[in-house]
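First comes the structure, then the notes that go with it.
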There are 2 protein chains.
Amino acid sequence: MEHRKVPEHEAIYLRIREMILFGVLVPGQPVTIQGLVEVLDAGTTPVREAIRRLTAEGALEAKGNRRITVPELSLTQVEELYFARLSIEPKLVQIAVPRANEELTKHLREIDNHLNAAISEGDIEGYLKYNYRFHFALYEAAGAGILLALAQSLWLRAGPSLRGVLGRYANTIQPDQHDITIRALENHDAATACRAIEDDIRQGMDQVRQVLIFGDSATQNTVKSVLAD
Amino acid sequence: MEHRKVPEHEAIYLRIREMILFGVLVPGQPVTIQGLVEVLDAGTTPVREAIRRLTAEGALEAKGNRRITVPELSLTQVEELYFARLSIEPKLVQIAVPRANEELTKHLREIDNHLNAAISEGDIEGYLKYNYRFHFALYEAAGAGILLALAQSLWLRAGPSLRGVLGRYANTIQPDQHDITIRALENHDAATACRAIEDDIRQGMDQVRQVLIFGDSATQNTVKSVLAD
DNA sequence: TTCTCAAAAATATGATCAAATATTTTGAAC
DNA sequence: GTTCAAAATATTTGATCATATTTTTGAGAA
């Protein structure tokens, strides 16, 4: 069991999933089986099965014409994600807090250090990766598999659009909700931890909403100028 | 577009999905590709792809030994579903209420009439079908695809266990939350509609919880005695 | 230039088979 | 009866191909 061979379709699924989560695949982009086969140097059957799985999760969108794209979020969908994230993720935190131990908080601090380094270096993909890892290390500690799956589905839907946020707001100083969260965990203060995660979600989703309202043409320019530093 | 040919894998997915929702497939039951191929008189590829999709949605559970089963709900998972349903479904109702029109309430009444007939006849599968249809006719009216997908995923997870509830509680008189809901829709009274759905969810999930706590051996006997009427 | 139409190209879908993996059955020994 | 190993069986996984469907391309007409 420990050394169970991971089926190829699972490995491929995880790779495509990360491409979606971290904005390698962008909203509106068509996704084809053969395209992924070539990019990933994989077989068609595992890619097909991974795609089927990801469409079931809302991470990819099956169009009526047998084509598959990365979903684009409408404003009302952002509102839906906003609501759902605020419903599910703090609950995961609430469940996790009584279970938090030093190992967890230490692990979260490590991730957050990487995250802060990525911010300092203007490393967008690093930021997205460690932000995701921070959140899910915490949520996994809750041991609530169904809520966790819901949260992951929400992140998969939001992932490609989050990338559009970063150039625009990279210079914006936001209160560090992660640090607040970690301290609350150490104190087993569920209310503070939940509020910090809620505020973190609000900050992030407010920014996604802004980008959608004002468009992302200004965003592309500021991505370049930020990364030039 | 209107007469788009529906791929076989989608049609098969819908059929298996209903088997799960309405308790034809029971918790713990192994599910094999060849088994479904024979039951559904279908091809292996569409069945495989449907299974992959359903496991992604949590409706089926991939075990570490490459076997697939219908999930069994633990008590903590029931609590998770309880919380998630109470978070998501009333929100769908809240969004739907301002959009409710006479066509919708008429449609809901028709479904509810079928549901009540099924109850009178002791028709368990009919009950499950029309209960599902009632809820989702309402939720679909919200036009909130992401929240709808979350709700459907929750129902898929709970579906097989709901069947275990029915024999046990079929004689229990519960306030008819559906009728209350319809009337609230007619009056565009979102608060009442949401509360009715919340109460409906509580009634249902309390019963699932009870069955899990006390076991279902008594349930099987009462299924038989109820259906003998 | 635009529009139409047919052919070519791209892509998804389903079938089928072999290989890999896991479980069950069988038979022997104690 | 139990235990264990080997054989048989069941099942999943991945490859590969043919078929079906959709999009793109290019030629001709207006």
Side-chain angles (χ1 to χ4, degrees), chain A residues 1-20 24-72 160, chain B residues 1-20 24-72 160:
Chain A
M1 187 59 70
E2 188 81 57
H3 40 281
R4 154 179 101 100
K5 178 169 189 265
V6 176
E8 191 68 12
H9 66 80
E10 277 190 33
I12 298 298
Y13 162 78
L14 290 173
R15 289 172 70 191
I16 301 173
R17 190 161 156 279
E18 294 210 338
M19 290 166 76
I20 291 167
V24 178
L25 294 174
V26 301
Q29 180 173 354
V31 172
T32 64
I33 294 168
Q34 192 56 37
L36 288 175
V37 162
E38 281 161 16
V39 166
L40 300 176
D41 193 30
T44 58
T45 303
V47 167
R48 271 174 77 167
E49 299 205 334
I51 286 177
R52 198 67 70 203
R53 188 167 168 185
L54 288 159
T55 54
E57 292 176 328
L60 294 175
E61 183 177 4
K63 303 288 192 175
N65 61 355
R66 306 188 349 164
R67 294 294 185 267
I68 301 208
T69 62
V70 180
E72 295 173 284
Chain B
M1 191 60 72
E2 188 82 61
H3 40 282
R4 159 178 97 100
K5 178 166 190 264
V6 176
E8 192 67 15
H9 64 81
E10 278 191 33
I12 297 297
Y13 162 77
L14 290 173
R15 290 172 70 191
I16 302 174
R17 189 159 155 282
E18 294 212 339
M19 292 165 75
I20 291 167
V24 178
L25 293 176
V26 302
Q29 180 172 355
V31 172
T32 65
I33 293 167
Q34 192 56 38
L36 288 175
V37 163
E38 281 161 17
V39 166
L40 300 176
D41 192 29
T44 57
T45 304
V47 167
R48 270 173 79 164
E49 298 205 335
I51 287 177
R52 198 67 69 205
R53 188 168 168 185
L54 289 160
T55 54
E57 291 176 330
L60 293 175
E61 184 177 5
K63 303 287 191 178
N65 62 355
R66 306 191 342 166
R67 294 293 185 267
I68 301 210
T69 61
V70 180
E72 295 173 284

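Protein chains get the first letters and strands the later ones, always in sequence-line order, with residue 1 at the start of each.
- Checked options A/Leu54, A/Val26, A/Leu14, A/Leu36; the residue passing with A/Met19 is A/Leu36 (criterion: side chain to side chain contact (heavy atoms under 4.5 Å, CB included)).
- Put simply, CD on A/Glu49 is 12 Å from C1' on D/dA15, counting in whole angstrom units.
- Scored by the salt bridge (charged side-chain N to carboxylate O under 4.0 Å, His left out) test, B/Arg53 finds no partners at all (sequence neighbours excluded).
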Dump every N/O contact between nucleotides 9-12 of chain C and the protein below 3.5 Å, one line per pair.
residue	atom	partner	partner atom	Å
C/dA12	OP2	A/Ile33	N	3.1
C/dA12	N3	A/Arg66	NH2	3.3

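- Side-chain atoms of B/Arg48 and base atoms of C/dG14 include no donor and acceptor less than 3.5 Å apart.
- Counting to the nearest Å, the P atom of D/dA18 and the CD atom of B/Glu8 are 22 Å from each other.
- Donor-acceptor pairing under 3.5 Å, judged by distance alone, is present between the side chain of A/Thr45 and the base of D/dA15.
- The separation between B/Tyr13 atom OH and C/dG14 atom P is 15 Å, rounded to whole Å.
- Atoms CD and CD, from A/Glu61 and A/Glu72 in turn, are 8.0 Å apart once rounded to the nearest 0.5 Å.
- Considering only heavy atoms from C-beta on, A/Tyr13 stays 4.5 Å or farther from B/Arg52 through its side chain.
- Using a 4.5 Å heavy-atom cutoff, the side chains of B/Leu60 and B/Val70 are in contact.
- Interatomic distance, CD1 of B/Ile12 versus OG1 of B/Thr44, reported as 11.0 Å (0.5 Å rounding).
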